Trainee: 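After the structure tokens below, expect a handful of questions from me.
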Protein chains: 2
Amino acid sequence: MNLSASISGLPCGQQMPYLQLLNKEQIELLQRNSNVVSYNKKDIVFRQNTRTSHIMLMVSGLVKIFKEGRSERTVLLRLATPGEYIGMMSVMGDQIHQYSATAVELADICFIDINAYRNVLMENGKFSLQLMNLISKDGLFIFNRLMNQTHKQLPGRIADVLLYFAEQIYKQPHFDLPLTRRELAELAGTTKESFIRTLTEFKNDKIIYLDGSRVEIISMDIVKTLSELG
Amino acid sequence: MNLSASISGLPCGQQMPYLQLLNKEQIELLQRNSNVVSYNKKDIVFRQNTRTSHIMLMVSGLVKIFKEGRSERTVLLRLATPGEYIGMMSVMGDQIHQYSATAVELADICFIDINAYRNVLMENGKFSLQLMNLISKDGLFIFNRLMNQTHKQLPGRIADVLLYFAEQIYKQPHFDLPLTRRELAELAGTTKESFIRTLTEFKNDKIIYLDGSRVEIISMDIVKTLSELG
DNA sequence: CTATTGAGATGATATATATCATCTCGCTTT
DNA sequence: AAAGCGAGATGATATATATCATCTCAATAG
């Protein structure tokens, strides 16, 4: 855990999904066994191949989840936003983190003791089923992203990245990219150079407005078509 | 559901994972609400984009799970063997099958009523946690496969396919491939031609013995090295 | 205040692998 | 028995994108 991360006594508050399915005792149990940790930009939250220690829930900020391979090859799987669990699949799977996470911007993350959480799961079937639903959806999502990477070519993948920010992260067609070109390339499954080139083409073709990290999608239709045609 | 599939009255028997965590009533509830269906080679078990209807558990045989894209592009995700659930992530996720499944060889599959199964999950926390563990592992597995496809080049991916059969499916270095070259290519994320070429190179380099569908891995070390180097 | 570093950008070139075109062989169909 | 068909195999060619090489510019460091 990074030294610059600071521990605050705040409870996890309202960010936990399906909180309404828990009773008072269960909520209190979780709150007694959780605390919020703040991470500065670029701080490491957890590292691939380390043991899982807590359930982690995003309270605020933005965190990138990525898989690091030998020799620089890293794949950016997704960005996590407030209200999302991170590393849940590894916690529930084989207890070893299968990917790493670092803060993209100032982020507060709620750490919940695994045993307390498991106890709640054990005695609350509805909550448990909903968590299963979340894990499954999360799996299917990353899944689709990787499938697209494998079988779409560049323009389609770049379009996917733009749609990801517009639809999933910022929920509007104008936004500032929170990542470097290199990271964006890792998200699209390509190289920095190829990413830049293709994005520049989009700009020249007036599909998007582009200035530094500022992006404005001019023709959402064309972006969607590019994504669909692959 | 395919016409040539025949329904037998047999219960799912001993194939269900973590059966020992269930009590007598729970086992009986599941057995009353399940039946085994047989599928012949090439029969469709379920089709992508259809609604999920049952929990499905492999009793015997071999089934391929794949994603079909427009224009022939299909990706073979994995093969399912006895004791494995199929389509579980979709059932627990958004209730729409995200991929298709067909029998590769004669297969018996146990269909369990979703509601009965959910009831058991709701009242049995330990069983529920184990299922979460299975779903998570399944997700992590397919992840790794797709990641490898995205970031390894051909020889590494072909080596992965050989290791998949040797280690996961048949658990021995000599086996008969149950799939056509085209399907194997879909499993490796490449084309039939490229797959054949690379496999032939392996043969010429005496890394494997190859005759039709018969494969014998001569140098497991080299195959593993190829897989690791990507 | 100069020097260094890293991000962004763009052109030239290399290369892995897809695509296209055949050919054979065994099997099913008529 | 002839004809058609799909799987496997192999060569020739095309092409998307990675790689390598520069250049600029702004930010950070000494």
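Nothing here was measured: the structure is a model prediction, and the numbers come from that model. So that the names make sense, note that chain A is the first sequence line, chain B the second, and so on, each numbered from 1.
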Trainee: Starting from the 5' end of DNA chain D, give me the residue, B/Arg197 or B/Arg181, whose nearest nucleotide shows up first.
Mentor: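 Closer to the 5' end of DNA chain D: B/Arg181.
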Trainee: List in chain and number order the residues that pass ring-ring contact (aromatic ring centres under 6.0 Å, His included) with B/Phe66, two or more places apart in sequence or in another chain; answer none if no residue qualifies.
Mentor: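 B/Phe66 satisfies ring-ring contact (aromatic ring centres under 6.0 Å, His included) with no other residue.
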Trainee: Taking heavy atoms of chain B and a 4.0 Å limit, find me the 5'-most and 3'-most nucleotide of DNA chain C within that range.
Mentor: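 Taking any atom under 4.0 Å from a heavy atom of chain B, the span is C/dA16 to C/dC20.
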Trainee: Give a yes or no on whether a salt bridge exists between B/Glu201 and B/Lys203, defined as a side-chain N under 4.0 angstrom from a carboxylate O.
Mentor: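 So B/Glu201 does not pair with B/Lys203 through a salt bridge.
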Trainee: Over how many whole Å does the gap from B/Phe195 atom CZ to D/dA7 atom P extend?
Mentor: 15 Å
Trainee: In plain terms, say whether A/Glu105 and A/Lys42 are close enough for a salt bridge, that is, a side-chain N and a carboxylate O under 4.0 Å apart.
Mentor: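 A salt bridge is absent here (no side-chain N lies under 4.0 Å from a carboxylate O).
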Trainee: Reckon B/Leu154 touches a base, only the sugar-phosphate, or nothing at all at heavy-atom distances under 4.0 Å?
Mentor: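 The answer is sugar-phosphate, as B/Leu154 gets under 4.0 Å only of primed atoms, P, OP1 or OP2.
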Trainee: Check this for me: does any side-chain nitrogen of one of A/Lys152 and A/Asp160 sit under 4.0 Å from a carboxylate oxygen of the other?
Mentor: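 Between A/Asp160 and A/Lys152 there is a salt bridge, with a charged N closer than 4.0 Å to a carboxylate O.
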Trainee: Answer yes when B/Glu186 and B/Lys192 have at least one side-chain N-carboxylate O distance shorter than 4.0 Å, and no when they do not.
Mentor: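 So B/Glu186 does not pair with B/Lys192 through a salt bridge.
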Trainee: Is the shortest side-chain N to carboxylate O distance from B/Arg181 to B/Glu193 below 4.0 Å?
Mentor: no
Trainee: Below 3.5 Å between N/O atoms, which protein atoms pair up with nucleotides 23-27 of chain D? Just atom names and distances, please.
Mentor:
none

Trainee: So what does A/Thr191 touch, heavy atoms closer than 4.0 Å: a base, only the sugar-phosphate, or nothing?
Mentor: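 Since a base atom lies under 4.0 Å of A/Thr191, the category is base.
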Trainee: Taking it one step at a time, do A/Gln48 and A/Gln98 satisfy side chain to side chain contact (heavy atoms under 4.5 Å, CB included)?
Mentor: CA-CA 5 Å; A/Gln48 183 175 325; A/Gln98 295 301 303; 5.9 Å; no
Trainee: One thing to verify: whether A/Glu68 and A/Arg47 come together as a salt bridge, which I'm taking to mean a side-chain N less than 4.0 angstrom from a carboxylate O.
Mentor: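 A salt bridge links A/Arg47 with A/Glu68.
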